[in-house]
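Below is one structure; the comments refer to it alone.
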Amino acid sequence: MSNRNFCLILAGGIGKRLWPVSRSSKPKQFLDLCGTGRTLLQQTYDRVSQFVDADKIYISTNVQYLPLVYEQLPQVDDMHILEEPLRRGTLASVTWGMAMIRKIEPEARVLVTPADQLILREDVFAKDMLEGLDFVGNTGNMLVMGIKATRPETGYGYIAAARQLMESEICEVESFREKPDVDTARQYLDAGNYFWNAGIFVWNVDTIVGSLRRFTPELASKMDRMAESFYTENEKDRVADIFPTCEKISIDYAVMEKADYIYTYPSDFGWSDVG
């Protein structure tokens with residue numbers, strides 16, 4: 001394992017698409033939906049820990065879910081759990097996580113993954129993530145994992161891929177597309193260069209921080225102020241003051257759809273967002 005490989009697991013969502021099985025008091029990441037004896041959060045942690053050291057895995061969650069995280073992942077140190085006082089979307093969660101990781105390792109290569117997805121082919125997932133981490137480490141580009149579409153799905157966003165890199169399946173992203181109607185989804189499937197957006201990102205921490213400063217300077221400034229208090233007695237108070245003032249928006253809308261040098265890795269590791 002590379003000592004520069006980090007992971008941020010996003011575990012603060014409410015799993016609304018799976019209601020009423022998933023509820024706001026116990027959303028889908030904390031449920032054992034497949035009868036394996038492990039919840040989706042536990043499976044995500046187990047999967048990532050195959051290629052990222054445990055002391056480099058961080059979990060971002062809402063304060064409401066802290067007891068569930070402690071119960072299901074008792075091996076995770078408190079310092080590796082980012083406690084969000086309220087939900088502000090993935091932009092705030094990711095920016096906070098990147099600020100913390102950058103303070104620990106300025107040259108970190110980071111995988112960001114939701115905690116509520118099902119991955120059936122974990123060996124392929126590990127291989128693809130390691131290749132992705134190497135890619136961003138060598139190029140400085142950002143990577144979003146694309147899933148090879150198998151049906152005209154209207155419940156997912158899509159990635160339109162452009163030029164493919166030589167001797168690699170990694171492609172430039174031409175554009176991101178919103179959830180389509182069924183006719184448009186069929187067109188995407190027939191075109192062959194559209195992939196489901198899994199919401200799994202890989203990047204160098206310096207690269208994403210640079211993009212955050214460019215596209216969301218106000219938020220980046222707030223996170224810098226929060227970073228000053230990391231691992232001090234003032235950390236919780238400062239987070240409680242600043243985090244609620246952050247704009248509520250996704251990392252996709254705020255940064256990824258605007259940034260340069262975005263690539264996708266079309267993959268097939270048995271993915272479902274369990275919606």
Side-chain angles (χ1 to χ4, degrees), residues 6-18 22 24 27-30 40-41 44-45 48 57-66 69 80-102 108 110-117 129 132 136 142-147 155-159 173 176-179 196-205 207-223 226-227 239 242-259 262 264 271 273-275:
F6 283 71
C7 179
L8 175 66
I9 298 174
L10 303 177
I14 60 174
K16 190 172 183 179
R17 290 184 64 219
L18 201 63
S22 170
S24 59
K28 62 178 178 175
Q29 62 266 32
F30 301 108
L40 292 179
L41 172 62
T44 302
Y45 185 88
V48 170
I57 300 175
Y58 288 78
I59 298 167
S60 177
T61 194
N62 185 269
V63 62
Q64 177 183 357
Y65 304 138
L66 280 178
V69 174
H80 287 243
I81 300 175
L82 284 64
E83 175 185 334
E84 301 178 6
L86 79 171
R87 297 181 187 89
R88 304 310 293 158
T90 55
L91 176 64
S93 301
V94 169
T95 306
W96 184 14
M98 295 308 101
M100 178 170 280
I101 290 173
R102 188 169 183 264
V110 189
L111 162 66
V112 178
T113 180
D116 60 357
Q117 299 181 343
M129 294 308 111
V136 300
M142 294 193 288
L143 192 65
V144 55
M145 302 306 294
I147 305 299
Y156 301 151
Y158 283 72
I159 301 165
V173 170
F176 292 91
R177 303 294 175 90
E178 299 299 318
K179 297 173 183 177
W196 294 333
N197 186 347
I200 300 173
F201 306 105
V202 187
W203 47 47
N204 293 333
V205 69
T207 303
I208 186 61
V209 167
S211 292
L212 290 165
R213 295 198 195 286
R214 177 182 175 188
F215 298 111
T216 61
E218 183 179 350
L219 178 63
S221 176
K222 290 177 179 180
M223 292 304 174
M226 284 172 52
V239 170
I242 296 176
F243 200 88
T245 69
C246 297
E247 181 182 8
K248 187 175 183 180
I249 189 172
S250 74
I251 186 76
D252 302 77
Y253 292 142
V255 175
M256 301 304 288
E257 293 185 4
K258 302 174 182 177
I262 307 295
T264 187
W271 172 88
D273 80 339
V274 200

Checklist entry - Tell me, do I200 and V144 make a side-chain contact under 4.5 Å, heavy atoms counted? => result no
Checklist entry - If you look at every heavy atom in V63 and P85, which pair is closest and at what distance? => result CG1-O, 3.8 Å
Item to check | Interatomic distance, D252 atom CG to E257 atom CD [nearest 0.5 angstrom] | outcome: 6.5 Å
Checklist entry - About how many Å separate CG of L40 and CG of D116, when rounded to the nearest 0.5 Å? => result 7.0 Å
Item to check | S211 (side chain) donor-acceptor with A259 (main chain) under 3.5 angstrom | outcome: no
Checklist entry - Does a donor on one side chain sit under 3.5 Å from an acceptor on the other, for T44 and Q117? => result no
Item to check | Proximity of Y156 and W271 rings by center, below 6.0 Å | outcome: yes
Checklist entry - Do NZ/NE/NH1/NH2 and the carboxylate oxygens of R88 and E84 come within less than 4.0 Å? => result no
Next on the checklist: Working note: I242 + M223, criterion side chain to side chain contact (heavy atoms under 4.5 Å, CB included); need CA distance, chi angles, decisive distance, verdict.
Outcome noted: CA-CA 8 Å; I242 296 176; M223 292 304 174; 5.8 Å; no
Item to check | Within-4.5 Å side-chain heavy-atom neighbours: V136 and T207 | outcome: no
Next on the checklist: As an exercise, state the distance from NE2 of H80 to OH of Y58, rounded to the nearest 0.5 Å.
Outcome noted: 4.0 Å
Item to check | Sub-4.5 Å side-chain heavy-atom contact between M98 and V112 | outcome: yes
Checklist outcome for this item: Shortest non-hydrogen pair, F243 vs A92, comes out as CZ-CB, 3.7 Å
Checklist entry - Taking atom OG1 of T113 and atom CE of M145, what is their separation to the nearest 0.5 Å? => result 10.0 Å
Next on the checklist: I want to check something: taking the side chain as every heavy atom from C-beta on, are L111 and L8 in contact at a cut-off of under 4.5 Å?
Outcome noted: no
Checklist entry - Any side-chain heavy-atom pair from Q64 and R87 closer than 4.5 angstrom? => result yes
Item to check | R102: salt bridge (Lys or Arg N to Asp or Glu O under 4.0 Å) partners, not counting sequence neighbours | outcome: D206
Item to check | Pairing residues for Y158 by the side chain to side chain donor-acceptor pair (under 3.5 Å) criterion, not counting sequence neighbours | outcome: W196
Item to check | Residue pair L41 / I9, side-chain heavy-atom distance below 4.5 Å | outcome: yes
Checklist outcome for this item: Of all heavy-atom pairs linking V94 and W203, the shortest is CG1-CZ2, 3.6 Å
Next on the checklist: Measuring only between side-chain heavy atoms, which start at C-beta, is L219 closer than 4.5 Å to L91?
Outcome noted: yes
Checklist entry - Between I57 and V48, does a side chain to side chain contact (heavy atoms under 4.5 Å, CB included) hold up when you go through it step by step? => result CA-CA 8 Å; I57 300 175; V48 170; 4.0 Å; yes
Checklist entry - Between CZ of F6 and CG of N204, what distance do you get to the nearest 0.5 Å? => result 12.0 Å
Checklist entry - With a 4.5 Å heavy-atom cut-off, do E83 and T61 have their side chains touching? => result no
Item to check | Nearest non-hydrogen partners of A254 and T216, listed with the distance | outcome: CB-CG2, 4.0 Å
Checklist entry - Closest approach of P27 and G13, non-hydrogen atoms and distance? => result CG-O, 3.3 Å
Checklist outcome for this item: For T90, the side-chain contact (heavy atoms from CB on, under 4.5 Å) test, sequence neighbours excluded, returns L10, S250, I251
Next on the checklist: As an exercise, state the distance from CG of L143 to CZ of F201, rounded to the nearest 0.5 Å.
Outcome noted: 10.5 Å
Next on the checklist: Could you report the tightest heavy-atom contact between L86 and P244, atom names first, then the distance?
Outcome noted: CD2-CA, 3.4 Å
